[in-house]
Amino acid sequence: MAGFCSLLVLLVFQSSCLGFRSPLSVFKRFKETTRSFSNECLGTTRPVIPVDSSDFALDIRMPGVTPKQSDTYFCMSMHLPMDEEAFVIDFKPHASMDTVHHMLLFGCNMPASTENYWFCDEGTCTDKANILYAWARNAPPTRLPKGVGFRVGGETGSKYFVLQVHYGDISAFRDNHKDCSGVSLHLTRLPQPLIAGMYLMMSVDTVIPAGEKVVNSDISCHYKKYPMHVFAYRVHTHHLGKVVSGYRVRNGQWTLIGHQSPQLPQAFYPVENPVDVSFGDILAARCVFTGEGRTEATHIGGTSSDEMCNLYIMYYMEAKHAVSFMTCTQNIAPDLFRTIPPEANIPIPVKSDMVMMHGHHKETVNKDKTSLLQQPKREEVLEQGDFYSLLSKLLGEREDVVHVHKYNPTEKAESESDLVAEIANVVQKKDLGQSGARESAEHERDNALLVRDRIHKFHRLASTLRPAESRVLSLQQPLPGEGTWEPEHTGDFHVEEALDWPGVYLLPGQVSGMALDPTNNLVIFHRGDHVWDGNSFDSKFIYQQRGLGPIEQDTILVIDPNNAAVLQSSGKNLFYLPHGLSIDKAGNYWVTDVALHQVFKLNANNKEAPLLILGKSMQPGSDQNHFCQPTDVAVDPDTGTIYVSDGYCNSRIVQFSPSGKFITQWGEESTESNPKPGQFSVPHSLALVPHLGQLCVADRENGRIQCFKTDTKEFVREIKHASFGRNVFAISYIPGLLFAVNGKPYFEDQEPVQGFVMNFSSGEIIDVFKPVRKYFDMPHDITASEDGTVYVGDAHTNTVWKFTSTEKMEHRSVKKAGIEVQEIKGKGSGGLNLGNFFASRKGYSRKGFDRLSTEGSDQEKDDDGSESEEEYSAPLPVPAPSS
């Protein structure tokens with residue numbers, strides 16, 4: 001073992017296995033000693049090599065293959081030769097740039113094929129796949145620091161290694177020789193106190209204008225995990241990349257992680273000085289490109305004519321907190337890059353003999369995109385969970401494969417969805433204008449339109465890649481001959497943001513409630529210059545800021561649904577902390593105020609003098625005459641019966657007659673981790689289903705929706721999905737569909753803030769959605785019209801979005817349990833089109849990305865630092881001190 005380490009020392013580090021040197025000097029020293037193994041197939045007859053009583057080596061090699069065309073991807077797998085836990089502590093590549101463009105090593109539990117080797121068109125892994133190692137262009141070996149290893153085997157580690165080799169230019173195979181490129185792993189059975197992992201920073205929406213001399217692509221994310229310690233990095237672009245730099249930003253101070261030319265060998269280079277990253281830090285990366293020499297804009301994509309901006313960060317964490325793979329594809333702090341160190345903007349000179357050709361024919365580099373697009377494509381079926389196979393091909397610049405996702409409902413996929421969600425989120429949240437300047441609404445709208453077709457199908461998530469999530473659906477079927485018609489929506493119903501709607505620029509106060517009036521105008525209830533924060537109430541829920549007086553601005557805005565013009569405004573000097581809003585069939589407004597602990601009925605034409613007031617002003621309580629921070633109101637369109645969700649400090653639904661007389665109440669506080677039917681933790685939003693005689697409640701802090709019979713108050717069912725996370729803030733019903741928005745994830749939770757479209761009959765999620773402009777931070781209310789238009793209001797970003805249906809629906813009647821039901825089917829293709837994501841407008845290349853159906857659910861947030869009583873808390877690591 002000592003000899004093995006010594007050999008690596010001579011090749012990589014000057015003094016010790018833990019030493020750090022200049023990345024360029026490491027490459028130069030290794031380049032002098034590297035040689036091709038392509039004809040020798042060394043080690044393939046003895047894949048498991050004992051080192052000592054605790055250590056062994058695995059020689060993972062291609063079994064003598066001969067690619068017949070350029071850009072061939074071959075995969076092979078090796079089962080870990082033991083069941084107990086082991087740790088990979090060293091990688092040694094066996095490949096030559098003369099034959100291999102790049103290699104990727106994955107860890108997973110089930111390879112896509114059991115063959116000796118296979119075309120990676122069949123996929124890489126059928127389950128979660130973690131990238132363990134990457135090699136390109138005669139890169140030197142990667143040595144992990146002492147005590148650090150990638151965990152494999154055992155109960156939680158990978159059972160298989162899958163090697164993927166990309167053969168770029170096959171001119172070296174004219175003699176039809178056999179290739180046995182691969183990598184040797186050094187493993188130990190000794191437990192390692194520190195576990196290695198990979199953090200991928202990747203841009204997905206960079207555009208490089210033709211002829212532009214300098215173009216920056218910036219990526220940044222808040223780090224919200226336990227501390228990680230960075231010890232190596234790898235950069236990746238295609239031909240236009242000049243320099244890639246990565247940093248940790250803490251208290252405004254930039255600390256270099258890595259700074260390298262992507263035209264040098266794309267190895268994992270040791271950081272010059274170890275960098276620790278703690279909760280609250282920002283990870284930031286910049287790729288510098290040039291568009292000189294191009295005749296059309298260049299976009300992110302998988303061909304040699306497209307571009308990429310990737311920074312791989314190899315880190316280790318304490319074993320008890322270890323996370324094996326994390327991603328960042330956003331830019332949550334564009335203004336931060338105004339202070340980026342100057343070195344990040346200076347290209348690194350590269351000698352001509354060291355420039356990477358990216359493994360493709362030289363003539364391919366200069367091919368026109370149009371000719372590339374005309375090449376015939378063959379379909380590649382990706383098994384469920386194989387999004388990382390797609391990612392690896394994106395890294396390898398695949399040009400001729402159409403990816404088709406094939407869903408297998410018996411298998412599970414988890415982490416793949418996280419990366420997809422982040423890719424969607426970055427395009428939705430990224431500042432599409434130039435940083436440092438306030439772009440006009442029209443310019444931002446044009447940019448958003450540019451990317452809309454590339455992202456909208458990322459929002460169709462829950463029912464494609466991942467098997468149906470755990471949920472409870474206690475459906476009470478009507479008896480034969482009974483029941484009512486319930487329109488059922490199935491197929492591809494999809495909503496996306498209306499990017500030409502200027503309502504996102506209204507910027508009212510905290511948007512707390514929304515509803516549609518009888519003429520389909522949007523009505524917004526907001527808090528003006530008042531804010532609900534930690535100082536608003538005392539421990540007895542008594543409002544503490546009466547001295548501010550009522551809100552002096554108009555708190556009710558009537559908005560034109562087409563152009564977002566303010567048609568009417570009212571409600572000044574009436575409210576202190578507005579919350580819920582609903583509108584009855586006569587057009588009367590029903591609002592709640594959590595500071596006043598009251599419910600108001602306002603005339604549609606004269607909203608200054610309430611028609612009815614329920615509750616006692618500034619007096620919290622739980623009897624028939626008092627509320628405690630009531631949240632929402634629903635009014636039965638047939639009977640006029642009033643339902644109030646009460647609320648933050650009561651856990652009940654209260655029923656009143658049309659005149660405001662108390663009738664009954666039901667519900668109790670939930671105190672256990674598995675709340676029972678009829679128990680609530682902040683009943684936050686109400687939705688009536690009149691024709692079924694049901695009232696549905698967004699049980700916010702229990703992360704579920706409960707539905708009850710309005711006549712008997714009998715519990716009907718619970719709708720709960722893992723993708724809700726821990727909160728459901730608001731719901732809205734139209735015939736056949738139930739819409740919902742969730743809330744911010746707790747620390748280390750994975751579910752993003754997003755909107756949901758559900759089939760009301762089955763409770764199945766049929767679509768999820770997020771905005772392109774700005775981003776959801778605390779979506780507080782949602783309302784939908786029967787034509788499928790959806791509005792979402794956010795209490796933190798003070799923003800209202802409009803979403804519209806993009807699919808025409810087909811209607812037909814079906815029989816279910818003896819009841820004739822209206823079924824509505826969409827005409828969509830039923831899958832995410834990555835070709836549309838990366839292509840479809842102004843020269844985007846779609847090669848290598850078509851038709852991968854998948855689901856995503858991870859999103860970073862840009863916290864504004866403010867605390868709200870409507871937020872929720874969870875134990876967080878202590879933020880790192882400044883350094």
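The shortest distance between side-chain heavy atoms of H626 and H597 does not fall below 4.5 Å. Side-chain atoms of P578 and V591, non-hydrogen and from C-beta on, never get closer than 4.5 Å to each other. V644 is listed as a side-chain neighbour of I642, based on a closest heavy-atom distance under 4.5 Å. Looking at Q629 and P620, their side chains never come closer than 4.5 Å, going by heavy atoms from C-beta outward. Proximity of F525 to Y589: side-chain heavy atoms (C-beta onward) are nowhere separated by under 4.5 Å. Between D787 and S805 the shortest side-chain heavy-atom distance does not fall below 4.5 Å. Residues Y648 and R700 are in side-chain contact: their nearest non-hydrogen atoms beyond the backbone lie under 4.5 Å apart.
Nearest heavy-atom pair, N588 versus L611, reported as atom, atom and distance to 0.1 Å: OD1-CD1, 3.9 Å. Closest heavy-atom contact between P610 and L602: CA-CD2, 3.7 Å. A pairwise comparison of heavy atoms in S536 and Q545 identifies OG-OE1, 3.6 Å as the closest pair.
Under the side chain to side chain contact (heavy atoms under 4.5 Å, CB included) criterion, P690 pairs with P637, D638, L688, sequence neighbours left out. Listed by chain and residue number, N521, Y791 satisfy the side chain to side chain contact (heavy atoms under 4.5 Å, CB included) test with P561 (two or more places apart in sequence, or in another chain). Taking the side chain to side chain donor-acceptor pair (under 3.5 Å) definition, one finds that N563 meets it with nothing, sequence neighbours left out. Checked against salt bridge (Lys or Arg N to Asp or Glu O under 4.0 Å), D646 has the following partners two or more places apart in sequence or in another chain: R652. Checked against ring pair (Phe, Tyr, Trp, His ring centres under 6.0 Å), Y543 has the following partners two or more places apart in sequence or in another chain: F537, Y576. The side chain to side chain contact (heavy atoms under 4.5 Å, CB included) check on T639 picks up D636, T641, with sequence neighbours excluded. Scanning for salt bridge (Lys or Arg N to Asp or Glu O under 4.0 Å) contacts around D794 gives an empty result, with sequence neighbours left out.
Put simply, the side chain of E497 never gets that close to the backbone of W801: no donor and acceptor are under 3.5 Å apart. Under a 3.5 Å cut-off, the side chain of T799 and the backbone N or O of V504 do not form any donor-acceptor pair.
At a cut-off of 3.5 Å, with distance as the only test, no side-chain donor of H780 or H796 sits close to an acceptor on the other residue. Under 3.5 Å, the side chains of E701 and N727 contain a donor-acceptor pair of N or O atoms. Side-chain polar atoms of S670 and S681 form no donor-acceptor pair below 3.5 angstrom.
Among residues at least two apart or in separate chains, there is no disulfide bond (SG atoms under 2.5 Å apart) pair with a member in residues 711-746. Sequence neighbours left out, not one pair with a member in residues 509-521 passes salt bridge (Lys or Arg N to Asp or Glu O under 4.0 Å). Listed by first and then second residue, the disulfide bond (SG atoms under 2.5 Å apart) pairs that reach into residues 665-717 are C696-C707, sequence neighbours excluded. Residue pairs that meet the ring-ring contact (aromatic ring centres under 6.0 Å, His included) test with at least one member in residues 649-670, sequence neighbours left out, are F627-F656, W666-F708. The list of disulfide bond (SG atoms under 2.5 Å apart) pairs with a residue in residues 647-681, not counting sequence neighbours, reads C628-C649.
Looking at F776, F769, F739, F724 one by one, the single match for ring pair (Phe, Tyr, Trp, His ring centres under 6.0 Å) with F756 turns out to be F724.
In E552, the CD atom is not crowded: 12 or fewer heavy atoms of neighbouring residues, nucleotides or ligands sit closer than 6.0 Å. Remark: D538 CG is packed, more than 12 non-hydrogen atoms of other residues, nucleotides or ligands lying under 6.0 Å away. Other residues, nucleotides and ligands contribute only 12 or fewer heavy atoms inside 6.0 Å of the NZ atom of K616.
Atom CD1 of I731 sits about 5.5 Å away from atom CG of L738, to the nearest 0.5 Å.
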